[in-house]
Amino acid sequence: MDKFLIKGPCKIKGTVNISGSKNASLPILAASILFDEMVEIKNLPNVRDIDTMLSLIKSLGFNVKQNKNSNSVVIKKSKKINTFASYSLVKTMRAGILVLGPLITKFGKAKTSLPGGCLIGARPINYHLNALKKLGMNYKIEKGYVNAFAKSKLTGSNIFFPKISVGATENAILAATLANGKTILKNCAIEPEIKNDLTNFLNQAGAKIKWIGKRTVEIKGVKSLKKISYSVMGDRIECGTFCVAATISKGNLKIKGFDPKLINTELNLLKKVGAKIKINEKLISIAGPEKIKPIKNIVTKEWPGVATDMQSQLMVLMCRANGKSIITENIFENRFLHVGELQRLGADIQVKKNKAIIRGNTKFVGAEVMSSDLRASVALVLAAIISNGKSTINRIYHLDRGYEKIEKKLTKIGVNIKRIS
């Protein structure tokens, strides 16, 4: 099992290029199931979750030709399709459930394993199932699988999500794209990966999807989608992570390949703590301050609020702030697993339910730590970068799920990091 050895403290400087978005690529890859024609997807990140999703699509009977050198894939439907998504492929990745909507609307049946992924909360799929049921899907849950079928073609409906859900919004959009008639989805997730990328991808292929309110989308079903070549947006969370890395290390970093407007909330937070930030269309220049100011209460919310996927990175930042800060986690109920490991490095953090109280001015000291999930892993990397001495980070397979060649990118900008197999 691979691990990272990091010798700190390191000062970050130079230029980094942001990879394609994992969270945009996964629903777009799931959407390829809707096509009879060829689909080419470019700017895919070379990360484990993408490999898992491509293996899943291949197992369903699609021809998949991946070119990792050009970060692209070509997917084409074959004559023999299988509608079974096995546990062995879905268990490691929450996004595996996104094949359910496309399979049921395109082929009228699906047997899909209940999903896995990071252990950061319950994350039930009832919102997915209830939305698809309103479109005409019948289902039973048996032995860890959703056995689903539709007696006839799915039919458009009015659907209100009782709670904002990224995955359920994506699944419903995918299913409604080929359904008969008009679907209205209300109280949708509007993350850029959905409202910008997934919607743009489907519309360019001939779908009829229109956002008619802040969280309301109208989908007029079409009979088929046409051949498409599409380039995925840059990764919002990777970009935010490198912004935090520059800030905590008194660094000076240029970040290329991402639209700064999409992380405006996080950039404003970093300005509040003292970072100097200049932005152009696809460039962020960020310099870290000598002293980091605390923030009284950072609250994670659905976009355009502070991303839950940035919570652990911001926690490391607040450990270095000159005073007390509080982080309130409103999205997932079990997303403070990294706190115990940060404490091993010297952090003073107290957790009370969904709040983390952080007493700043931490002088991190290198230690051996263990990753619990994807974003927790990168928080440990950030803390190790500014620690005195050597840190060993175990179980970095979590990191490999969502960050492309992170050790190579970090080495290039001044971090003393090695991968040990």
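The shown structure was predicted, so the numbers you read here are calculated from the model rather than taken from an experiment. Computation of the quantities below employed the complete heavy-atom set of this structure, encompassing side-chain atoms and omitting hydrogens, waters and symmetry-equivalent molecules.
- Annotation: side-chain contact (heavy atoms from CB on, under 4.5 Å) contacts of Lys133 (sequence neighbours excluded): Tyr139.
- Between Thr328 and the options Asn297, Asn354, Thr300, a side chain to side chain donor-acceptor pair (under 3.5 Å) holds for only Asn297.
- Using a 4.5 Å heavy-atom threshold, the side chains of Gln66 and Asp51 count as touching.
- Checked against side-chain contact (heavy atoms from CB on, under 4.5 Å), Ile279 has the following partners two or more places apart in sequence or in another chain: Pro260, Leu267, Ile277, Ile284.
- Taking CG from Leu178 and CG from Leu202, the interatomic distance works out to 9.0 Å, rounded to the nearest 0.5 Å.
- Taking CD1 of Ile420 as the start and CD of Glu407 as the end, the distance is 11.5 Å to the nearest 0.5 Å.
- Checked by atom type, the side-chain pair Thr265/Lys301 shows no donor-acceptor distance below 3.5 Å.
- The distance from the CG atom of Leu26 to the CD atom of Glu170 is 8.5 Å, given to the nearest 0.5 Å.
- The existence of a salt bridge linking Asp197 and Arg236 is excluded, since no basic side-chain nitrogen approaches an acidic carboxylate oxygen closer than 4.0 Å.
- Crowding of Glu142 atom CD: a count of heavy atoms from other residues, nucleotides or ligands under 6.0 Å exceeding 12.
- Rounding to the nearest 0.5 angstrom, the gap separating the OG1 atom in Thr83 from the CD1 atom in Ile33 is 10.5 Å.
- Here the closest heavy-atom approach between residue Ser55 and residue Leu89 is recorded as CB-CD2, 3.7 Å.
- Sorted by first and then second residue, the pairs that involve residues 184-229 and meet ring-ring contact (aromatic ring centres under 6.0 Å, His included), not counting sequence neighbours, are Phe35-Phe201, Phe201-Tyr230.
- Annotation for Lys68: atom NZ counts as buried by contact number, over 12 foreign heavy atoms lying within 6.0 Å.
- Side chains of Thr241 and Tyr403: a donor-acceptor N/O pair is present below 3.5 angstrom, by distance only.
- Classification of Lys106 and Asp36 as a salt-bridged pair holds, one side-chain N sitting under 4.0 Å from a carboxylate O.
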